[in-house]
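Structure first, then comments.
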Amino acid sequence: MRMRDLFGAGVLGVGLCFAVPQALGAQTLRVMQGTASEPLNVPMNRAVVVESEVAFAEVSIANPGIADISTLSDKSIYVLGKTPGRTTMTLLSPDGKLISNVDVQVTPDIAEFKERLKQILPGEPIEVRTANDGIVLSGTVSSTAKLDLALDLASRYAPDRISNLMTVGGTQQVMLKVRFAEMQRSVSKTIASSLAAANLGTSIETGQWLSGNNGLSNPRVATTTGMEGAAVLGGALGSLQFSVLLEALESKGVVRTLAEPNLTALSGQQAKFLAGGEYPVPVAQQGGQITVEFKPFGVELNFVPTVVDGDLINLVIDAAVSSIDTTNTLNTGDLTISSFKRRQTSTTVEMRDGESFAIAGLLQDDFRNLNGQIPFLGDLPVLGALFRSSAYQRAQTELVIIVTPHLVTPTRGAAMALPTDRVRIPTEAEFFLLGRTEGKQKGPAGEVARQDFSGSYGYVME
């Protein structure tokens, strides 16, 4: 019995030794990897036919929403691109073995896009590529307008999936030259008369320019302050003494204001210019507090240039010339606030390199007549002029703003000259012995200084 038990235990142990490895091997997962082929590119909404070297029994696609497949034979597959993306197609042999995993990449149809791009923008070296489910544009175009046109066309094929690597060639820096010219003319004429008479302690005065102290022995009249021409006639007829004052004034004035700011900016970028200053203006706040706000004045220029095509430039301009007007003030307590004279324009224009445009103009004509007289007496013929005061005033203001854009490129610093380069501080011998306020320049700068510089003091650049 004991021998039988030992033999049975030995047989059971040998059986377990062979059964356990088989059970463990049945639970192990084996990953089958077939020969990976090159990615298969399929344009969207188009189909390609794939042929296999060996016959397959089963074919499947990982994401049917990206590509659709159907078998034509045991070695041919019809693949249709549906949506941009990437998926995997698997081929299995009749015995269930993996033949290959094929990467299928559906891309936008750029063949038609390339054809349309060459038709609309001929001669533009634009390269078109696909990246994932989008379009990548690269190359150098001749203008910003053609770049925008290429992007707009690409959005028809891949909306919101466009990578722009294109650059704009040519000159993309714009210098804007603005000329402000203002002319003011004024004419003023005044004619006035006054009469004084006295007799036996009784005096009569007309006009507003009398001295107010016309006695019996010497009636007197006083001239108006600021009158350029005055004539006094007087005499006596017995006890009657009289004086006649005739005054006339004629004034003419001309004022010329000119500013020429120049400013350079990159295409599409804003540039600002201010030559002047800032004027402090007190501003009342809550609780009786007063803060100070600064208002700029002088020559102001803000503009945004855009090179549209070739030498065609689009300009968004905001230009102004302002100055402090001390003749129009506001008095608040101990504070005196001056007003501003301001000429401003804001516009958008298009012009070519070197062309000029008058973007603003103003012609203002102020006319004033004033006639004052003593009632009834001023209406008398001839003698009525002694009892009248006439004033005539006329003022004209003309303003023109002209802009001229230029396409510019950088140059070497040695070729640029500053106004200060033409002036040299004199030595002590030149200043004290020769009386020179500046030293002599040598070389090209000195030659230019002798041509453009005149006068004992200051510097003028025409």
Side-chain angles (χ1 to χ4, degrees), residues 175-188 190 208 224-226 249 251-266 269-305 315-349 358-368 370 391 393-403 418-420 457-461:
M175 183 188 73
L176 184 65
K177 181 179 180 181
V178 182
R179 289 178 289 173
F180 297 86
E182 182 176 7
M183 182 68 72
Q184 298 178 359
R185 308 177 186 90
S186 62
V187 177
S188 176
T190 303
Q208 55 181 338
T224 304
T225 302
L249 172 64
S251 62
K252 300 179 181 179
V254 176
V255 178
R256 176 175 179 263
T257 303
L258 184 65
E260 294 188 11
N262 297 335
L263 193 59
T264 303
L266 190 65
Q269 300 297 319
Q270 184 182 25
K272 297 182 179 181
F273 177 89
L274 173 62
E278 292 186 343
Y279 181 75
V281 178
V283 179
Q285 303 292 337
Q286 295 181 355
Q289 297 181 353
I290 296 179
T291 59
V292 177
E293 181 178 349
F294 289 89
K295 298 291 185 180
F297 68 92
V299 180
E300 302 175 57
L301 176 61
N302 300 334
F303 85 107
V304 179
L315 297 173
V316 180
I317 307 172
D318 187 2
V321 175
S322 58
S323 60
I324 300 176
D325 185 8
T326 57
T327 61
N328 189 10
T329 60
L330 173 64
N331 297 321
T332 303
D334 298 333
L335 298 176
T336 300
I337 305 174
S338 300
S339 61
F340 287 85
K341 292 181 179 179
R342 188 175 180 86
R343 303 286 191 270
Q344 182 175 3
T345 179
S346 179
T347 183
T348 302
V349 295
I359 62 172
L362 170 66
L363 180 61
Q364 183 177 350
D365 193 351
D366 296 331
F367 181 85
R368 180 183 179 188
L370 180 62
Q393 294 180 353
R394 186 176 183 181
Q396 290 182 333
T397 301
E398 185 177 1
L399 171 68
V400 177
I401 302 177
I402 300 175
V403 297
L418 297 175
T420 53
Y457 302 95
Y459 178 80
V460 177
M461 182 172 64

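Here the structure is a predicted model, which is why all the values come from computation and not from measurement.
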- Take Thr336 and Asn331 through the side-chain hydrogen bond (donor to acceptor under 3.5 Å, both in side chains) test and state the conclusion after the steps. CA-CA 5 Å; Thr336 300; Asn331 297 321; 3.1 Å; yes

- For Phe367, what residues pass the ring pair (Phe, Tyr, Trp, His ring centres under 6.0 Å) criterion, not counting sequence neighbours? Tyr392

- Item | Residues Lys341 and Glu182 bridged, charged N to O under 4.0 Å | no

- Do Thr345 side-chain atoms and Ala319 backbone N/O form a donor-acceptor pair below 3.5 Å? no

- For residues 279-290, the salt bridge (Lys or Arg N to Asp or Glu O under 4.0 Å) pairs (sequence neighbours left out) are none

- Message: Give me each pair satisfying salt bridge (Lys or Arg N to Asp or Glu O under 4.0 Å) with a member in residues 272-293, each pair once, sequence neighbours excluded.
- Response: Glu293-Lys295

- Note on the structure: Here the gap from Gln396 atom CD to Asp365 atom CG, rounded to the nearest 0.5 Å, amounts to 4.5 Å

- Query: Given the rule in the salt bridge (Lys or Arg N to Asp or Glu O under 4.0 Å) test, do Glu300 and Arg343 qualify, once you have shown the distances and angles that lead to the verdict?
  - Reply: CA-CA 10 Å; Glu300 302 175 57; Arg343 303 286 191 270; over 6 Å; no

- Task: Would you check, one step at a time, whether the test side-chain hydrogen bond (donor to acceptor under 3.5 Å, both in side chains) holds for Gln184 with Thr397?
- Result: CA-CA 4 Å; Gln184 298 178 359; Thr397 301; 4.7 Å; no

- With a 4.5 Å limit on heavy-atom distance, are the side chains of Val403 and Leu176 in contact? yes

- Query: Would you say the side-chain atoms of Thr190 pair up with the backbone N or O of Ala391, donor to acceptor, closer than 3.5 Å?
  - Reply: no

- Does the ring center of Phe340 lie less than 6.0 Å from the ring center of Tyr279? yes

